[in-house]
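Since the structure comes first, as structure tokens, the remarks are kept for the end.
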Amino acid sequence: MTITVFIRYQIDPFKRALFEEYSKRWLTIIPKAGGDLLGYWMPHEGTNNIAFALISFESLAAYESYRARLRSDSEGMANFAFAEEHQFILAEERTFLRKVVA
């Protein structure tokens, strides 16, 4: 069963450009690590501090393997460090979803 990880970010609205840079880096890192990246979404109108990402995996086990690969990937670790250094992510929530099928 395919699962999709829905990530909701609360970001510092004054550091949106930093979050966008962080997101763009994941566009190549995530697929290389085994995730099917559906995309990142930035605030446009209305609420200015909420962003989203969606990444699909063949299974929860595939997701766990992906997470382990990210922790040993130099680009992934550098991006985590970039986020920590600049503190533009205030909160992050993960929800695991499955597609409704007939």
Side-chain angles (χ1 to χ4, degrees):
M1 167 179 51
T2 299
I3 62 159
T4 299
V5 182
F6 176 85
I7 307 171
R8 180 186 184 274
Y9 296 95
Q10 180 184 359
I11 61 174
D12 183 330
F14 300 103
K15 296 180 180 180
R16 283 188 310 245
L18 289 169
F19 181 80
E20 188 163 2
E21 182 179 338
Y22 168 83
S23 300
K24 286 180 178 179
R25 292 176 183 184
W26 287 125
L27 299 180
T28 56
I29 298 167
I30 289 171
K32 184 177 67 172
D36 179 13
L37 179 62
L38 302 174
Y40 273 81
W41 285 265
M42 294 288 299
H44 178 68
E45 288 276 336
T47 304
N48 67 355
N49 69 334
I50 303 297
F52 302 102
L54 286 140
I55 312 165
S56 288
F57 300 91
E58 292 177 7
S59 65
L60 194 53
Y63 169 75
E64 294 298 335
S65 295
Y66 154 85
R67 293 289 290 173
R69 281 190 296 279
L70 278 185
R71 301 222 182 279
S72 64
D73 180 88
S74 60
E75 290 177 287
M77 293 306 295
N79 212 24
F80 287 132
F82 175 75
E84 202 169 291
E85 176 187 349
H86 295 286
Q87 299 181 349
F88 46 81
I89 299 172
L90 305 177
E92 184 176 328
E93 302 168 2
R94 281 182 164 66
T95 302
F96 294 83
L97 306 169
R98 63 175 174 78
K99 185 176 182 180
V100 175
V101 294

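These numbers come from the heavy atoms of this one structure, side chains and all, not from hydrogens, waters or symmetry mates. If you read the sequence from its start, that first residue is 1, and numbering goes on from there.
Listed by chain and number, the hydrophobic cluster partners of F14 come to none, as no ILVMFWY side chain reaches under 4.5 Å of it. In the hydrophobic clustering (ILVMFWY side chains linked at under 4.5 Å, chained through shared members), W41 is joined by F6, L38, I50, F52, L54, L97.
For Y66, the ring-ring contact (aromatic ring centres under 6.0 Å, His included) criterion is met by F57, not counting sequence neighbours. A search for side-chain hydrogen bond (donor to acceptor under 3.5 Å, both in side chains) contacts involving R25 returns E21, N79, not counting sequence neighbours. In this structure, the salt bridge (charged side-chain N to carboxylate O under 4.0 Å, His left out) partners of D73, at least two apart in sequence or on a different chain, are K32. Taking E85 as the reference, nothing meets the salt bridge (charged side-chain N to carboxylate O under 4.0 Å, His left out) condition, with sequence neighbours excluded. With sequence neighbours excluded, no residue forms a salt bridge (charged side-chain N to carboxylate O under 4.0 Å, His left out) with R16.
A parallel orientation is assigned to the rings of F88 and H86, their planes being inclined by less than 30° (bins at 30° and 60°).
Among residues at least two apart or in separate chains, side chain to side chain donor-acceptor pair (under 3.5 Å) pairs with a member in residues 87-97 are Y63-R94, E92-R94. Residue pairs meeting the salt bridge (charged side-chain N to carboxylate O under 4.0 Å, His left out) criterion with at least one partner in residues 58-69, sequence neighbours excluded, are absent. Sorted by first and then second residue, the side chain to side chain donor-acceptor pair (under 3.5 Å) pairs with a member in residues 3-14 read T4-S56, Y9-Y40; sequence neighbours excluded.
Within the model, atoms CG of N49 and CG of L90 stand 7.5 Å from one another, a figure rounded to the nearest 0.5 Å. Summarising the geometry, atom CE belonging to M42 is positioned 4.5 Å from atom CD belonging to E20; distances are rounded to the nearest 0.5 Å.
Side-chain contact between Y22 and I89: present, with at least one pair of heavy atoms (C-beta onward) separated by less than 4.5 Å.
Linking Ile, Leu, Val, Met, Phe, Trp and Tyr residues whenever their side-chain heavy atoms come within less than 4.5 Å places I11 and F80 in a single cluster.
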